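Structure first, then comments.
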Amino acid sequence: MTEHLIYKGEKLSLCEEPLRNYLQTIRKDFKFQAPSTALWRGYIGTWSIENGRLYLLKLRGFVSKSEDREEVGLKDLFPDFPDGVFAHWYTGEMRCPMGGLIDYVHGGYASTYEQDLFISVEKGVVLSERIVENGKAKPDAPRGYHQAARYDF
């Protein structure tokens, strides 16, 4: 299951995990738990680019509480920013696949789609954007990123 990016008013699948570095270096105490094998990282974030800056708008995840799993949100990880937080910790290149499916790979973010949108970010600020054309999908190919199975949590 991918995270989501709101980009120019469109909801795209985000084949990157911008929160990973924050969790590994700043909030080591916050441990998410996988609700299924479709979501090993234990959470899904909804991100947005606004005025050239990357924000985490929503978070839905799971943590262990004794023998149970408890659902948590953005306010649990960022109590001072329950409505969204500037992703100042993130530097990297985000990939959003678009168009028809050319080659399906079961696992990770390795499937190939007609286009990839790459967004380069440094300390939460967008530096550049580019689209890479990967080829043409068959007319009946699934459009946009999707999972082979669905798990609702």
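Being a predicted model, the structure only gives us computed values, none of them experimental. By convention here, the first residue in the shown sequence is residue 1.
Contact record, Y113 with S111: CE1-CB, 3.7 Å, taken as the closest heavy-atom pair. Among all heavy-atom pairs drawn from L74 and P82, the shortest one is CD2-O, 3.6 Å. Closest heavy-atom contact between W89 and P18: NE1-O, 2.8 Å. Scanning both residues, F32 and R41, for their nearest heavy atoms gives CB-O, 3.3 Å. The minimum heavy-atom distance linking Y90 with E16 is given by the pair OH-OE2, 3.2 Å. Between M98 and L117, the shortest heavy-atom contact is CE-CB, 3.9 Å.
Separating the CD atom in E93 from the SG atom in C15 is a distance of 12.5 Å, to the nearest 0.5 Å. Atom CD of E114 sits about 4.5 Å away from atom CZ of R143, to the nearest 0.5 Å. The line from OG1 of T46 to CG of L56 is 8.0 Å long, rounded to the nearest 0.5 Å. To the nearest 0.5 Å, the span separating CE on M94 from CG on L12 amounts to 10.0 Å. Here M1 contributes atom CE and T37 contributes atom OG1; the two are 10.5 Å apart, rounded to the nearest 0.5 Å. To the nearest 0.5 Å, atoms CD (E129) and CG (L127) are separated by 10.5 Å.
For F118, the CZ atom sits in a packed shell: over 12 heavy atoms of surrounding residues, nucleotides or ligands are nearer than 6.0 Å.
No single ILVMFWY cluster, assembled from side-chain heavy atoms under 4.5 Å apart, contains both V105 and I102. Under the 4.5 Å side-chain contact rule for hydrophobic residues, V126 and L14 share a cluster. V121 and I26 fall within the same hydrophobic cluster, where Ile, Leu, Val, Met, Phe, Trp and Tyr residues are linked whenever their side-chain heavy atoms come under 4.5 Å apart, directly or through other members. Linking ILVMFWY residues whenever their side-chain heavy atoms come closer than 4.5 Å, directly or via other members, leaves L19 and Y55 in distinct clusters. If you chain together hydrophobic residues whose side chains sit under 4.5 Å apart, F78 and L59 fall into the same group.
K123 has its side chain out of reach of H88: every pair of non-hydrogen atoms, C-beta onward, lies at least 4.5 Å apart. Considering only heavy atoms from C-beta on, Q33 stays 4.5 Å or farther from V63 through its side chain. Side-chain atoms of S64 and K31, non-hydrogen and from C-beta on, never get closer than 4.5 Å to each other. In this structure, the side chains of L5 and I119 come closer than 4.5 Å at one or more pairs of heavy atoms.
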Side chain to side chain contact (heavy atoms under 4.5 Å, CB included) between E50 and L57, intermediate numbers included: CA-CA 11 Å; E50 299 171 19; L57 299 180; 3.9 Å; yes
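The side chain to side chain donor-acceptor pair (under 3.5 Å) test applied to N134 returns D116, not counting sequence neighbours.
Judged purely by atom type and a 3.5 angstrom limit, R27 uses its side chain to pair as donor or acceptor with the backbone of L77.
Grouped with W40 in a hydrophobic cluster is no other residue, since no side-chain heavy-atom contact under 4.5 Å to another Ile, Leu, Val, Met, Phe, Trp or Tyr is found.
A salt bridge does not link E3 with R20: none of the charged nitrogens is closer than 4.0 Å to a carboxylate oxygen.
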